[in-house]
Amino acid sequence: MSMSIKLLICLAIFSLLVVTASWIIQVLMSDTLYANVKQREVEQVADQIKDNLKAGNIQGLQSKVETYSEKFDICIKLYSVSKGEFDEKCSAIAMTDNILSNVKKENLEFFHRKARENGGVFQNRMSLDQRPSADTIEPDDIAVISIYAEIVNTKDGEYMMLINSLVTPIETARKTIFAQFSYIIFFLILGTLATAFLLSKIISKPLSSMNESAKQLAAGNYDVDFEVGGYREISELSETLNYAAHELSKNDNLQKELIANISHDLRTPLTMIKGYSEMMRDIPGENTPENVQAIIDETERLSELVNDLLDLSKIESGTKTFELEEFDLTLAVNEVISRYDRMNSAKGYNVEFEFDRNVNVKADKSMILQALYNLINNAINYCGDDLYIGVRQRVGKDKNGRNVVRISVTDHGDGIDPDKLPLIWDRYYKVDKVHRRADVGTGLGLSIVKKILTRHNASYGVESQLGDGSTFWFELPIIE
Ligand code: ADP
């Protein structure tokens with residue numbers, strides 16, 4: 001369903017609810033509300049008249065009564081009562097439909113009696129066709145008009161005031177409300193349509209343009225720019241998409257670089273193997289053990305490269321299972337270091353291992369040693385002129401207070417630019433964009449290290465000073 005239709009439906013439902021609620025309040029409850037307001041007005045007028053009577057202000061009362069009557073659209077009559085006789089003192093008739101114009105003595109007696117029985121005040125409502133008489137007035141009559149009778153005793157004698165008012169809205173008021181409602185509903189429908197249309201345009205415009213850009217991105221155009229603008233959510237989404245496009249283009253470039261580098265790394269030993277073999281075939285006396293060893297060495301490099309590539313893809317695709325076992329880490333590291341002995345003596349490298357005691361850890365042994373190999377191989381590739389590579393084992397506590405062992409690999413090479421430090425763990429990332437063939441290692445080292453250590457929930461890191469060298473480290477919990 002399109003956004004505009006959905007918005008339209010939501011707004012239509014909302015408008016319908018508003019109209020229904022207003023309808024209920026205005027039309028269905030208007031009788032009660034109107035009656036209550038009228039009732040309060042009548043009581044206020046009664047209080048004013050009473051105050052005037054108590055103050056003995058009977059002369060000026062007629063004009064006041066006329067004002068009240070006009071203002072509130074009510075009929076008022078005031079009688080002085082003495083020995084069962086009612087003498088009219090004031091009178092103001094505003095409504096045409098009323099019961100006070102021709103009120104009979106028996107009605108006055110009835111009101112007087114009822115008021116006296118009720119502690120001085122009598123109120124009742126009745127429908128217009130039920131003219132008051134002793135037998136027709138019932139408390140639960142359908143309310144159309146109301147009569148209010150109050151007996152006031154002053155120092156000049158007893159008075160009775162009668163106030164007659166209309167307590168249901170008159171027909172014109174009702175018609176006005178209906179007419180108002182028709183207009184409201186009409187404008188509400190127009191407003192709903194316009195708002196739904198405008199909103200859907202405003203919201204969907206940036207989304208449609210983003211959709212176009214996403215299609216270009218899917219087609220491989222990583223330079224596409226997602227328009228940042230509009231609402232916060234939409235601009236956040238465009239920023240995220242811009243970031244995704246940037247990352248994709250970065251990955252794409254790095255992947256191309258990696259393929260170029262790997263092809264280069266594969267071609268070099270292959271060329272050498274071919275060269276040596278042809279030389280041994282064609283030149284008599286070149287079939288020497290040194291030349292055969294050179295072929296074996298290059299073959300080993302090739303299989304190492306292929307194995308690393310396989311490892312990385314297996315770890316990344318999740319097909320590599322990690323088998324945790326308890327083992328002596330110190331002993332295992334020592335074995336790894338001893339494998340560099342031949343290279344140490346042949347090329348002058350100085351790979352040293354320093355530790356205080358043997359510790360056990362629970363981890364995938366071959367994977368942890370693979371990570372260590374990669375760190376040592378990097379140190380060999382990037383070490384300084386002193387050809388020193390220091391592997392150190394330290395026992396201590398991590399930030400959670402657990403006993404951990406830290407293995408660190410230090411070299412005295414060029415170090416790494418602080419800006420580049422967080423990036424070196426990325427797959428394919430190389431600080432030095434010019435690819436050089438490594439003495440050892442394959443060029444995927446740190447991303448494999450990161451994957452292995454992350455899978456072990458192990459902390460890891462690097463400290464590096466430009467010109468001074470680098471120390472790569474990782475920590476594993478000790479099994480005591
Ligand atoms: P490679 O070493 O083949 O480039 P890695 O993933 O092992 O691939 O390392 C990524 C980058 O980190 C390297 O290109 C290098 O710039 C930097 N790096 C890694 N180890 C060291 C180190 N010991 N000294 C200086 N730079 C290093």
Side-chain angles (χ1 to χ4, degrees), residues 250-251 253-269 300-316 333 336-337 340 343-344 347 349-353 367-392 406-455 458 460-474:
K250 209 167 83 182
N251 250 16
N253 289 338
L254 290 170
Q255 209 150 355
K256 283 179 191 146
E257 231 171 74
L258 176 86
I259 291 173
N261 291 346
I262 290 176
S263 328
H264 174 266
D265 281 356
L266 285 173
R267 227 189 3 240
T268 317
E300 256 171 24
R301 269 197 60 72
L302 272 180
S303 57
E304 204 186 324
L305 180 62
V306 172
N307 282 341
D308 271 7
L309 280 171
L310 270 177
D311 272 349
L312 187 63
S313 69
K314 270 192 203 160
I315 298 174
E316 285 199 334
V333 173
V336 169
I337 305 288
Y340 287 91
M343 206 176 69
N344 281 356
K347 297 198 174 173
Y349 287 110
N350 179 18
V351 185
E352 280 178 4
F353 182 38
M367 284 289 108
I368 290 293
L369 295 186
Q370 163 90 59
L372 181 64
Y373 264 121
N374 291 356
L375 293 182
I376 297 176
N377 289 346
N378 272 352
I380 289 173
N381 283 336
Y382 301 100
C383 73
D385 295 336
D386 60 358
L387 300 183
Y388 167 81
I389 294 103
V391 181
R392 218 164 277 138
R406 176 186 280 227
I407 301 287
S408 63
V409 180
T410 305
D411 64 69
H412 295 155
D414 290 341
I416 305 162
D417 192 329
D419 294 345
K420 308 280 162 53
L421 270 185
L423 307 172
I424 56 170
W425 305 92
D426 286 355
R427 202 162 43 138
Y428 318 137
Y429 185 83
K430 290 184 143 294
V431 173
D432 183 3
K433 292 288 171 202
V434 187
H435 182 65
R436 60 181 170 126
R437 190 180 178 228
D439 276 354
V440 272
T442 57
L444 295 167
L446 289 184
S447 53
I448 297 183
V449 173
K450 179 183 168 181
K451 293 261 147 44
I452 294 174
L453 295 174
T454 314
R455 283 282 288 271
Y460 62 90
V462 53
E463 279 111 40
S464 188
Q465 280 283 316
L466 269 183
D468 281 352
S470 322
T471 297
F472 285 79
W473 58 266
F474 64 87

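In each ligand, atom 1 is the first atom listed, and ligand 1 is the first ligand listed.
- Side chains of Phe474 and Ile368 form a contact here, defined as non-hydrogen atoms less than 4.5 Å apart.
- The atoms of ligand 1 that sit less than 4.0 Å from any heavy atom of Ser470 are 24 (N), 25 (C).
- Residue contact annotation: Asn381 has no non-hydrogen atom under 4.0 Å from ligand 1.
- Within 6.0 Å of CG on Asn344 lie more than 12 heavy atoms contributed by other residues, nucleotides or ligands.
- Residue-ligand proximity: Trp425 is placed with every non-hydrogen atom at 4.0 Å or more from ligand 1.
- Here is the list of ligand 1 atoms found below 4.0 Å of a heavy atom in Leu446: 5 (P), 6 (O), 7 (O), 9 (O), 10 (C), 12 (O), 19 (C).
- Looking at Val391 and Thr410, their side chains never come closer than 4.5 Å, going by heavy atoms from C-beta outward.
- The aromatic rings of Tyr373 and Tyr340 sit tilted, their planes meeting at an angle between 30° and 60°.
- Residue contacts with ligand 1, taken as heavy atom pairs separated by less than 4.0 Å, do not involve Asn374 at all.
- Checking Leu387, Ile389, Leu375 one by one against Ile380, the side chain to side chain contact (heavy atoms under 4.5 Å, CB included) holds for a single residue, Ile389.
- Using a 4.0 Å cut-off between heavy atoms, Ile416 contacts ligand 1 through its side chain alone, with no backbone atom that close.
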